[in-house]
Each structure stands twice: as structure tokens, then as C-alpha cells.
**Student:** 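The structure under discussion is supplied below as C-alpha cells; questions concerning it will follow.
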2 protein chains.
Amino acid sequence: MRPARFKDVDIIEAALAVAAREGPAGASIAKIAAQADAPTGSIYHRFRSRDVLLGEVWLKAVTDFQNAYIKLLDGSDVERAALDAALFVPRYVRENTAEARLMLLHRREDFLVPGWPVKMLEQAEMLGRQMQAAQQHFCRKLTGRDDRKTMRILCYAMVEAPMGAVRPYLEKGGTPPPLVDSLVEATFHAAMALTGGDA
Amino acid sequence: MRPARFKDVDIIEAALAVAAREGPAGASIAKIAAQADAPTGSIYHRFRSRDVLLGEVWLKAVTDFQNAYIKLLDGSDVERAALDAALFVPRYVRENTAEARLMLLHRREDFLVPGWPVKMLEQAEMLGRQMQAAQQHFCRKLTGRDDRKTMRILCYAMVEAPMGAVRPYLEKGGTPPPLVDSLVEATFHAAMALTGGDA
DNA sequence: AAGTAATTAGAATATATATTCTAAAACTAT
DNA sequence: ATAGTTTTAGAATATATATTCTAATTACTT
């Protein structure tokens with residue numbers, strides 16, 4: 001049996017590079033093949049279709065981010081863990097810029113198209129449930145509540161505001177400066193103060 | 001001369017609806033034609049190409065948003081004007097959901113492709129300069145400074161954080177609840193507090 | 001050394017969509 | 001009423017890209 005010159009991982013990596021640079025719509029098989037220095041045939045030898053390939057790229061990025069994020073929530077100092085998780089967003093963006101561009105500059109639907117194999121759809125759903133469950137559990141641990149409003153505030157403080165802070169730098173093709181961390185931290189405290197409000 | 005059944009505006013409106021629903025990449029001429037209940041020929045009668053049409057859609061949305069936003073900065077009470085501008089983001093999203101989806105869920109480059117007529121490129125550049133100038137002038141008026149750091153903080157407080165707060169609702173196809181306004185306001189104050197820092 | 005099976009290679013094909021083109025229709029002005 | 005001009009209409013064409021297909025490699029196996 002002939003050994004592979006292009007492994008699944010190599011092709012996913014090439015597709016990630018192209019999609020991060022030009023967006024999912026611009027990530028044609030031809031461009032991905034050029035990026036990997038491979039013929040198109042070798043790509044189809046490994047992936048059923050372009051949609052599946054881009055889907056795998058997206059699933060891998062989200063899985064990696066989410067696993068690291070959720071792991072941080074397990075810290076013994078709950079308050080500290082919350083802030084660490086919020087600050088993980090800019091850090092992740094600096095260290096995994098391509099993946100970050102994929103996830104922050106595009107919609108889930110730009111990757112997750114109808115026509116995905118069931119297995120991939122299930123994995124995507126699983127990721128969503130897993131994140132939801134982790135957030136809810138953590139919210140209860142931190143605030144003693146897990147009602148809708150408290151959850152939304154926490155989600156803003158730990159994910160949405162950090163992502164908003166980071167996005168303009170990704171759009172310009174750069175990475176967030178240290179100032180962003182201060183903004184994330186300040187926002188975190190301000191948002192958490194709203195947590196004690198009404199019922 | 002025969003009167004037009006489809007005016008420029010009608011076609012732009014249809015293109016906006018499709019692009020807001022399916023993203024710029026999914027906004028094919030066929031779909032736009034169906035949305036406007038027009039033949040494809042009538043679209044090409046008015047717009048040189050699909051790229052130009054989508055570009056006009058984007059330019060119109062950004063121009064409208066920006067004009068309203070900049071007008072708010074002129075309020076006599078500067079502090080109040082700043083907060084009003086920040087809160088304008090969720091308000092705009094509620095009142096102009098389609099335009100908001102266009103601008104917040106996609107990149108500028110997804111609309112502004114190379115191959116645009118010079119006139120449109122110039123208009124896009126002009127918009128950028130105009131926003132930059134307005135922000136800088138306002139920053140000076142509010143804080144007494146317009147250095148890079150202060151500008152970044154203000155931009156986060158007034159635009160980026162609000163957009164981050166609003167995005168998840170747009171992604172789900174909904175609009176931001178009132179809670180978002182509280183988060184925007186809290187973030188605004190927290191970020192502004194960082195303004196007094198070092199040089 | 002020859003057989004074997006996975007893999008590469010890229011040309012050929014299919015498909016989807018943008019764009020062009022020709023004719024008919026609908027008003028206006030003379 | 002008729003000529004003139006814009007606009008509609010949608011079929012025909014071009015183009016771009018995804019996908020398939022056949023042949024040639026390659027290294028392991030016997």
C-alpha cells in the first residue's frame with residue numbers, strides 16, 4: 001500500500017488557511033489544492049465534498065476552542081476562572097488567528113450547510129449542547145443562579161464582549177493589542193455587577 | 001418612454017432582503033430576481049453586475065447607519081451624546097434588522113470586491129474617512145484627547161462592545177432584548193473609566 | 001521480481017450561476 | 001395613429017467551479 005503524501009490533516013490545514021484568508025465562500029477546491037500543493041483529485045480522495053471539508057475545518061476549530069474554554073471553567077477559584085475564561089478569548093485569537101477568523105468573522109451557517117452527513121450534524125449539535133451545559137453549570141457555581149437573565153449577562157461578560165473587542169483587529173488582518181485585555185476585564189466586572197439586580 | 005416597473009430602489013431592496021437572509025455569497029441574481037418578482041434581465045438593465053448591485057446595497061446600509069450615528073454625536077450634552085450613540089446600536093438593529101445583519105454578520109470584503117467601479121470605491125473610502133474624523137473630533141470633545149489609546153477605548157465603548165452584545169441575537173434571526181441596553185450602558189461607563197489612565 | 005492496493009495526478013465532465021442577447025411590450029411625443 | 005425609446009422578458013450563452021474518472025505511481029508484500 002502506497003503511503004499518503006497528503007494526509008487528512010494537511011488538507012484540513014490548507015483549507016483552514018484559505019478560508020481564514022478569503023472566507024468560506026472564497027475557499028474553492030482549486031485554491032485549497034494550490035495551498036496544499038496537491039491535485040484536486042487527492043482532496044476528493046479524502047473528503048466527500050467541499051462542504052464536508054469546510055465543515056470539518058469548522059468543527060475542528062470550534063471543538064478546539066471550546067475544549068480549552070470549558071477546561072478553564074474548572075479552576076478552583078470560581079471568580080478567577082470566570083475572568084480567565086473571558087481573557088482566554090483575546091489570547092486564543094493571538095495564538096490561533098486563522099481559527100479565530102473562521103469562527104468570529106463568519107456565520108455558523110456559512111460552514112454548516114444542509115447536506116452535511118448526519119454524523120457531522122450530530123457533532124455540531126453535541127458541541128452546542130456541551131457549551132450550553134458548561135455555561136449553565138458554571139453560572140450556577142459563580143452566581144448561585146442559572147435563570148435566563150443571569151445566563152445572558154454572564155455570556156456577554158465572558159464571550160460576547162470579548163469577541164466584540166477582538167473582532168475589529170481580526171478584520172484588519174491583525175491581532176488584538178494588550179489594551180483589549182483591560183477592556184475585557186473592565187467589561188467583565190461591570191457586567192457582573194448587573195447580576196445581583198432583580199429576580 | 002415606457003415607465004419602469006422595477007426601480008433601482010426596488011431591486012436594491014430585494015437584494016438586501018436576500019443578502020440579509022442568506023448572506024452575500026448566497027445572494028444569487030436568480031434569488032434576487034425571484035425576491036423582486038422580476039426577470040434577471042431587468043436587474044442587469046439597472047446594474048452593471050451582481051458585484052455592483054451588492055456593493056450598492058452595502059454602501060446604502062453603511063451610509064444610512066453612519067449618518068444617523070454621526071448626527072447623534074452632535075448633541076449639546078457630550079456625555080449624553082456618547083451614551084446615546086452607544087445605545088443607538090441596539091436600537092438600529094431592532095429597527096433595521098436586515099441592514100444590521102448585512103453589516104454585522106459579514107465582512108466589508110464580502111461586498112467590496114476588487115472590480116468595483118472607481119466611483120464606488122471612492123464612496124467607500126469617503127465613508128471610512130468621515131467616520132474616523134467624526135470619532136476623533138468627538139473623542140477630543142469628550143475626553144480632551146485624541147491619542148490612539150483613548151480613541152480605541154472610546155470606539156470599544158461606543159461601537160464594538162454594543163455590536164458584540166447584539167450579534168448573537170442577529171445570528172439567531174432575532175433582535176436584542178432590553179437587557180442588552182443595560183449591558184451596553186454598563187460597559188460604556190466601565191470603559192470610559194479606563195480613559196483617565198496614563199499618558 | 002512481480003503482484004497488489006492505495007494514492008496521486010490532472011484531464012474531462014457536470015453543474016450552478018453570472019451575463020448577454022433578441023424580441024416583444026408599454027408608454028410618450030409628434 | 002405612429003414612430004421612437006425605454007423597459008421588460010426570458011431564452012441563450014459564457015464562465016467559474018465542483019465533481020468524477022481514468023491512467024499512472026508508489027511502496028509494500030509475497
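To find a chain, count down the sequence lines: A is the first, B the second, and so on, and within it residues start at 1. Only this structure's heavy atoms are used, side chains among them; waters, hydrogens and symmetry mates stay out.
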**Student:** Please find the earliest and latest nucleotides of DNA chain C, in the 5' to 3' direction, that have an atom within less than 4.0 Å of any heavy atom of chain B.
**Tutor:**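 Nucleotide range with atoms under 4.0 Å of chain B: C:dA18 to C:dT28.
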
**Student:** On a plain distance test, is the side chain of B:R2 in donor-acceptor contact with the base of D:dT6 below 3.5 Å?
**Tutor:**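 Answer no: no donor N or O sits under 3.5 Å from an acceptor.
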
**Student:** Need to verify one output field. Residue with the more 5' nearest nucleotide on DNA chain C, B:M1 or B:G41?
**Tutor:**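 Closer to the 5' end of DNA chain C: B:G41.
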
**Student:** Between B:K31 and A:F6, which is nearer to the 5' end of DNA chain C once each is assigned its nearest nucleotide?
**Tutor:**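 Counting from the 5' end, the first nearest nucleotide belongs to A:F6.
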
**Student:** Any donor-acceptor pair under 3.5 Å linking the side-chain atoms of A:Y169 with those of A:R94?
**Tutor:**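 Short answer, no.
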
**Student:** Search all heavy atoms of B:L194 against all heavy atoms of B:I153 and return the closest pair with its distance.
**Tutor:**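 Result for this residue pair: O-CD1, 3.8 Å.
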
**Student:** For the pair B:E160 and B:R152, find out whether any cationic side-chain nitrogen is under 4.0 Å from an anionic carboxylate oxygen.
**Tutor:**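 Between B:R152 and B:E160 there is a salt bridge, with a charged N closer than 4.0 Å to a carboxylate O.
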
**Student:** Applying a 4.0 Å non-hydrogen cut-off, can you work out what B:S49 is touching in the nucleic acid: base, sugar-phosphate, or nothing?
**Tutor:**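 Sugar-phosphate, backbone atoms only, no base.
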
**Student:** Decide whether a cation-pi geometry holds between B:K141 and B:F138; the criteria are a distance under 6.0 Å from NZ or CZ to the six-membered ring centre and an angle within 45° of the ring axis.
**Tutor:**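 No, B:K141 does not sit over the ring of B:F138.
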
**Student:** For a salt bridge (Lys or Arg N to Asp or Glu O under 4.0 Å) check, start with the C-alpha distance between B:K71 and B:D74, then their side-chain angles and the critical distance, and finish with the verdict.
**Tutor:** CA-CA 6 Å; B:K71 185 166 288 173; B:D74 261 340; over 6 Å; no

**Student:** Between B:R5 and A:A27, who's closer to the 5' end of DNA chain D by nearest nucleotide?
**Tutor:**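 Mapping each residue to its closest nucleotide by heavy atoms, the 5'-most match is B:R5.
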
**Student:** Name the orientation class of the two ring planes belonging to B:F88 and B:Y92 (parallel below 30°, tilted from 30 to 60°, perpendicular beyond 60°).
**Tutor:**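 B:F88 and B:Y92: tilted rings.
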
